[in-house]
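Order of the sequence lines fixes the chain letters, A, B, ..., with proteins taken first and strands second; residue numbering starts at 1 for each chain.
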There are 2 protein chains.
Amino acid sequence: MPTINDVAKRANVSPVTVSRVLNGAPNVNDMTRLRVNRAIAELGYVPNIVARSLRSRRTRSIALILPDITNPFWPTVARGVEDAAQRDGYTVLLCNSDENAQKQARYLEAVISQQVDGVLIAPANSDAANLAPLRDRAIPTVVIDRRVDGWDGDAVRGDSVGGAELLTRHLIELGHRRIAMLSGPATTSTSQDRFAGYQAALQRAGIPLDPDLVRFGEFRQGSGAEMTHAVLALQPAPTAIFAANNAIALGAIQAVGERGLQVPQDVALVCFDDVSPSAQLFPFLTVAEQPAYQMGLEAARLLFARLDEGDAHPPRLITLPVRMIVRYSCGSGRGESILSLPLPHTAVVAA
Amino acid sequence: MPTINDVAKRANVSPVTVSRVLNGAPNVNDMTRLRVNRAIAELGYVPNIVARSLRSRRTRSIALILPDITNPFWPTVARGVEDAAQRDGYTVLLCNSDENAQKQARYLEAVISQQVDGVLIAPANSDAANLAPLRDRAIPTVVIDRRVDGWDGDAVRGDSVGGAELLTRHLIELGHRRIAMLSGPATTSTSQDRFAGYQAALQRAGIPLDPDLVRFGEFRQGSGAEMTHAVLALQPAPTAIFAANNAIALGAIQAVGERGLQVPQDVALVCFDDVSPSAQLFPFLTVAEQPAYQMGLEAARLLFARLDEGDAHPPRLITLPVRMIVRYSCGSGRGESILSLPLPHTAVVAA
DNA sequence: GCGTATCATGAAAACGATTCCATTATAGGA
DNA sequence: TCCTATAATGGAATCGTTTTCATGATACGC
């Protein structure tokens with residue numbers, strides 16, 4: 001591979017001048033610039049970013065640490081981040097923490113080692129100690145989607161409390177009184193906030209909170225199914241379920257089916273976060289939709305601004321609005337449940 | 001940030017010895033190793049990968065260049081790659097070429113600049129010239145999912161011909177004679193191969209090929225919708241559609257609906273590649289499913305083997321089997337079409 | 001007891017760029 | 001004419017690690 005020195009020799013200049021051309025420095029003679037560019041083209045020279053980063057102490061790369069890439073919400077956030085990064089010439093390192101603080105710690109060490117210029121993270125839990133490696137090294141960081149106790153840096157999140165209140169109120173207005181709240185880990189702020197919104201809506205309607213109806217598990221389909229089985233076994237059973245995210249809702253649909261019941265005839269269902277776009281050919285779930293793409297976009301912008309300005313501005317918090325999309329699963333739509341159809345015949349044939 | 005020299009001083013050894021400990025070299029005294037490790041822990045030292053890569057000329061990173069991350073097929077491939085990479089301690093740089101040769105060229109330059117050790121690529125088209133930068137620099141490369149004319153390196157792909165033949169034969173067995181083939185760009189080998197399988201199945205059944213029924217467009221929903229409108233306007237219209245991938249199939253469903261028709265009552269539909277797992281709560285599409293995850297896994301393994309062995313082995317080609325999953329959209333399942341339901345009422349409410 | 005492995009360690013060079021500082025040439029102002 | 005500002009350029013140091021080579025110490029075989 002040709003280096004900057006090969007280019008320099010061929011263009012009869014010093015490596016310094018080549019570097020100037022590469023970086024668009026203003027004080028280079030036009031003729032020289034031409035010669036250098038010709039040499040670059042002739043050699044097929046591509047700058048070695050590793051060497052550049054070592055000397056310049058900036059890699060123009062950022063880390064994006066997400067809790068679960070199998071949930072379509074997060075890839076959507078990632079696309080927002082990537083689009084913003086592309087515009088500003090940054091590379092994104094995508095890491096999947098699996099909602100696991102230990103795995104997250106390993107990734108943090110890895111990206112610090114990679115010398116990323118900044119970090120976007122949706123932390124596995126709300127303990128600020130987990131972010132200590134970033135704080136200690138003064139690595140610019142934006143926290144996405146979740147609160148971290150005692151962390152006063154830049155952050156972007158959706159209005160979890162408002163969205164949860166909206167969904168719960170909608171169920172109440174449909175006449176439901178026994179509404180189960182199936183949530184993620186109690187240690188993540190989104191679980192806490194969505195529970196708070198649920199609680200607020202109940203209180204406003206004068207409905208007492210039944211602790212049996214509130215469950216904390218994981219933001220996964222399997223956990224959602226388990227929690228659903230648990231609450232549906234109660235006497236009396238809830239008539240509606242509020243799932244704290246889409247994966248839990250999918251688990252709820254599954255479990256409801258397993259019990260021979262139907263959504264929404266037997267159990268109404270609402271949840272946070274929309275499902276994958278391709279599932280929307282069959283619009284079904286009533287959801288509180290967070291602007292995932294915009295969340296990624298704004299978070300990245302916040303980070304890039306911070307990278308430019310340093311600590312000039314005080315920390316910024318962006319709270320994005322949440323909108324409710326009333327579809328089918330809450331029971332207020334017309335028509336009959338998709339799930340009431342006989343399940344189509346599925347056969348598998350190898351080639 | 002502490003460096004290897006800081007660790008060396010604190011442990012009273014030379015930086016060389018610290019490096020040896022870091023890299024698990026065998027000939028280091030146990031006591032020394034202990035002292036060094038203690039110093040590392042006390043300082044919270046994390047090696048600078050950038051500096052390491054510059055000197056060692058290996059970054060332990062690979063590039064994965066995909067044509068469309070919004071199609072769930074590719075993230076699934078990516079997960080396979082990432083899991084394999086994680087096991088071997090490699091970092092994956094994910095790039096989205098958007099099926100665009102120019103964008104792909106830019107990404108290639110970027111990842112060469114990043115000094116990746118190897119490249120996994122599903123090329124935007126079958127022209128080997130696009131991969132010249134990789135070949136010139138002798139960067140180990142594995143081609144995924146598609147053929148490249150005149151390229152004899154390592155490759156992993158699905159059995160496109162076999163899968164296409166399977167799907168087409170299934171439609172023929174259901175009695176269809178006018179089957180439209182809606183494909184991606186004619187310049188990608190998957191389009192070519194799936195067309196070849198389609199053609200073979202027709203020939204075997206003694207059905208003449210009607211060129212009007214064969215369309216090449218893009219692997220996108222919008223293109224699928226356009227092509228569907230075009231073939232459904234023919235006289236006589238086709239009674240079945242074979243979509244060359246899932247996105248085209250989604251476009252077909254959309255267009256069929258727009259014309260007031262139903263799948264599968266009015267038009268049967270089959271396609272290549274499954275849709276997102278969350279859509280499978282409502283199993284609908286009859287598909288030829290490629291083992292996407294395994295494709296990513298095998299491709300990464302092939303690359304890592306190549307990185308270890310150099311050119312010791314001749315190029316390897318892995319062809320993965322394709323299986324047909326017969327569901328609903330081809331018309332051979334029982335029950336009625338999901339799409340015959342009144343579309344549920346959808347309302348949007350802001351928080 | 002001598003030559004030869006083997007072990008443990010370090011000094012210095014190297015990787016390929018950028019940064020800092022110095023130098024030369026030219027133009028412009030007094 | 002002389003002084004200074006500006007433009008264009010290059011030499012040398014530098015970023016933090018690994019690699020290469022050298023060295024001293026200890027053990028081993030005969």
Considering just the side-chain nitrogens and oxygens of B:N27, establish if one lies under 4.0 Å of OP1 or OP2 belonging to C:dT9.
-> no
Sugar-phosphate only, base, or nothing, as touched by A:V13 at under 4.0 Å among non-hydrogen atoms | sugar-phosphate
Is the NZ or CZ atom of A:R60 positioned over A:Y90's six-membered ring, under 6.0 angstrom from the centre and within 45° of the axis?
-> yes
Rounded to the nearest angstrom, tell me the gap between atom CZ in B:R33 and atom P in C:dA8.
-> 9 Å
Does a nitrogen or oxygen in the side chain of B:T17 sit under 4.0 Å from OP1 or OP2 of C:dT9?
-> no
D:dT18 phosphate, OP1 or OP2: any side-chain N/O from B:S19 under 4.0 angstrom?
-> yes
Reckon B:V16 touches a base, only the sugar-phosphate, or nothing at all at heavy-atom distances under 4.0 Å?
-> base
Validation row: A:T59, A:I49 side chains within 4.5 angstrom (heavy atoms) = no
Near B:D308 CG, under 6.0 Å, is it more than 12 heavy atoms from other residues, nucleotides or ligands?
-> yes
To the nearest angstrom, the CG-P distance between A:N5 and C:dA17 comes to 7 Å
Can you check salt bridge (charged side-chain N to carboxylate O under 4.0 Å, His left out) on B:R146 and B:E99, steps first, answer last?
-> CA-CA 12 Å; B:R146 302 176 178 186; B:E99 298 274 13; 3.0 Å; yes
Please report, rounded to the nearest Å, how far the C1' atom of C:dT6 is from the CZ atom of B:R20.
-> 14 Å
How about B:Q102: does its CD atom have over 12 heavy atoms from other parts shown lying under 6.0 Å from it?
-> no
Between C:dA11 atom P and B:K9 atom NZ, what is the distance in whole Å?
-> 12 Å
Rounded to whole Å, CG of A:N12 lies from P of D:dG10 at a distance of 9 Å
Less than 3.5 Å between a donor and an acceptor, one on the side chain of A:R57 and one on the base of D:dG16, is that the case here?
-> no
A:N48 CG to C:dT18 P, in whole Å, measures 10 Å
Measure across A:A124 and A:T188 and return the closest heavy-atom pair with its distance rounded to 0.1 Å.
-> O-CG2, 3.2 Å
Please check the phosphate of D:dT18 (OP1 and OP2 only) for any side-chain N or O of B:S56 closer than 4.0 Å.
-> no
Applying salt bridge (charged side-chain N to carboxylate O under 4.0 Å, His left out), run through B:R306 and B:D154 and close with a yes or a no.
-> CA-CA 9 Å; B:R306 183 63 70 193; B:D154 296 317; 2.8 Å; yes
CZ (B:R58) with more than 12 external heavy atoms under 6.0 Å | no
Which ones in residues 105-116 of chain A lie close to DNA chain D, meaning a heavy atom under 4.0 Å from one of its atoms?
-> none
Give a yes or no on whether a donor-acceptor pair under 3.5 Å exists between the nucleobase atoms of D:dG16, that is its base, and the side chain of A:R55.
-> no
5'-most contact on DNA chain C: B:D30 or B:A51, nearest heavy atom basis?
-> B:D30
Hey, is the side chain of B:T32 poking within less than 4.0 Å of OP1 or OP2 on C:dA8, counting only N and O atoms?
-> no
Atom-pair distance (CG on B:L54; C1' on D:dC15), nearest Å | 9 Å
Starting from C1' on D:dG24, measure out to CG on B:N29 and report it in whole angstrom.
-> 15 Å
